[in-house]
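What follows is one structure encoded as C-alpha cells, with my remarks underneath.
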Protein chains: 2
Amino acid sequence: MASKTPSTEGPAPEGLLLPVPGLAYGVLDQLLGYALRRAQNALYLDFYRAIAQQGGPAEVSPQRFAALVLVANNPGMRQGLLAQAMGLHRSGALRLTDWLTEQGWVERRDDPADARSWGLHLTAAGRRALSKLEQAVRAHDQALLLGLGERGAGLKTDLERLAWVATAAQTNRAG
Amino acid sequence: MASKTPSTEGPAPEGLLLPVPGLAYGVLDQLLGYALRRAQNALYLDFYRAIAQQGGPAEVSPQRFAALVLVANNPGMRQGLLAQAMGLHRSGALRLTDWLTEQGWVERRDDPADARSWGLHLTAAGRRALSKLEQAVRAHDQALLLGLGERGAGLKTDLERLAWVATAAQTNRAG
DNA sequence: TATTGTTATACTCTATAACTATA
DNA sequence: TATAGTTATAGAGTATAACAATA
C-alpha cells in the first residue's frame, strides 16, 4: 500500500452533481459506478428537502434516520452491533448514539446479559419522532418510485444484487 | 429551514454496509434509497480495491478519478467549471486541483481569454496515469456489469433516470 | 487475553468569509 | 459591481490509540 490505506475514507457528495451541458464526460458517461454516484447524490440531497419540508427536525441525516430505525426494530441492541450494521467504527457509533440521546430519542439502559454493554432503546419521544420521520421518508421514496414507473420495483432488486456483486468482488480480490 | 441548512453535508459511507443476519431493518428494507446507499457503499469500497490491486496509486478516490477524466476530456477548462461539474464549492475544486497538480498530473496554465482564470491541462504523466487508472476502472465496472447479467445495462439507464427524478423533485419542492 | 464502551486526538473533506486581481 | 481564484478558518464526520471495566 502506497501510504495510509484510504480504505474507509468518505466520499461526501456535496452540492448537486448533474451533467453540465457542453462538458465532455469521457468514460464517466459509460460507468455504472458514476451513474450510481449521481443517483445517490441526488437522493441524498432530496432526502433533506423531504424531511425539512415535512416539518421534521433538520440535521436528521439518512444515517441518523437509519440508526433510529434500527434501534426501534431491535430494542436493547448494543452499540457495537449498531456500529457493525452501519459500517462504522465503535467510536462512530458512540457519537451517533450520543446524538440520538441528546435528541431525547434513544436511551442507554444497562444490558442485563453483559455489564459492559448498553442496551439501546427508543424513548416515547423517539417513537413519536420516528413515526413522523418514517412517514416523510416513505412518502419521499414512494414519490421516487412513482417517477420511475414500472421499472422502479426492479431497480431496488437490481441495486441489492449490485451491492452483493461488488462485495463478492471485494472478497474474492482480498481473500 | 430549521437551522443551518445541512444541504450539502457529506454522507461518508465508511466500512462495509451489509445486512447483519438476525437484525431487523424495518422500513429500511423497503426503501429504494437505502438499497441505493448500500450499493454505493459497496462500489465505493470496491473501487479502491480495484485500483490498488491493479498497482495504481492509492489515494485515488472516485472523485479524484472523475476530476482527472474531466480535465482530460475538456482541456483548458476552468477550475470553477470543475467545481460546478463536481458539485463542489470553488475552494473544494482548488484543493482537488492542488492535489492533481502535486501528483504532476495536471497543470494550471494561463487562460488566454480571461486573466483571472486558469486553464487546466493534463501533463504527459497525467495522461499515462489516467490511462492506467481508466483501464482499472473500466475493468472494475465491466466486472460488475457481468455480475449483474442482462439487467446491468438497464440498471445504468434506470439510475440516470432516478437521479433526474430526484433532482426534479427537489426543484419542484424548492421552487 | 479479548471485548465493550469511552476518551482524546488527528485526519479528511467540505463550506464560509474575507481578500486580490481582474472583468 | 461581479467574477475567478486564493487564503484562512471552522465544522461535520470518521478513524486511531490508549484506557477502564468486564468477560
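Letters A, B, ... are given to chains in the order of the sequence lines, protein chains preceding strands, and every chain is numbered from 1. Everything quoted here is computed from the prediction, not taken from an experiment.
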To the nearest Å, give me how far apart [atom1] ([X]) and [atom2] ([N]) are.
X      : N      : atom1 : atom2 : value
B:R78  : D:dT3  : CZ    : C1'   : 9 Å
A:D110 : C:dT6  : CG    : P     : 11 Å
B:L82  : D:dA4  : CG    : P     : 14 Å
A:L17  : C:dT14 : CG    : C1'   : 14 Å
B:L88  : C:dT12 : CG    : C1'   : 14 Å
A:H89  : C:dT12 : NE2   : C1'   : 17 Å
B:D98  : C:dT12 : CG    : C1'   : 15 Å
A:Y48  : C:dT14 : OH    : C1'   : 13 Å

Among D:dT7, D:dG5, D:dA23, the one nearest B:L94 by side-chain distance
D:dT7
Just say parallel, tilted or perpendicular for the rings of B:Y34 and B:Y25, cut-offs at 30° and 60°.
tilted
May I ask you to say what [X] touches in the nucleic acid, namely base, sugar-phosphate or nothing, with a heavy-atom cut-off under 4.0 Å?
X      : result
B:S91  : base
A:R95  : base
B:G80  : sugar-phosphate
B:D114 : sugar-phosphate

Atom CH2 of B:W164 and atom CG of A:L18: how far apart are they, to the nearest 0.5 Å?
8.0 Å
[N], OP1 or OP2 - any side-chain N/O from [X] closer than 4.0 Å?
X      : N      : value
A:R108 : C:dT6  : yes
A:Q63  : D:dT14 : yes
B:W99  : C:dT12 : no
B:R64  : C:dC13 : yes
A:R116 : D:dA21 : no

When A:G92 and B:Q79 are each assigned the nearest nucleotide of DNA chain D, the 5'-most assignment goes to B:Q79
Return yes if a side-chain donor-acceptor contact under 3.5 Å exists between B:R64 and B:Q103, otherwise no.
no
Before accepting this row, confirm whether a basic side-chain N of the pair B:D98/B:R108 lies closer than 4.0 Å to the acidic partner's carboxylate O.
yes
Testing B:L144, B:L145, B:L36 for side-chain contact (heavy atoms from CB on, under 4.5 Å) with A:L162, which one passes?
B:L144
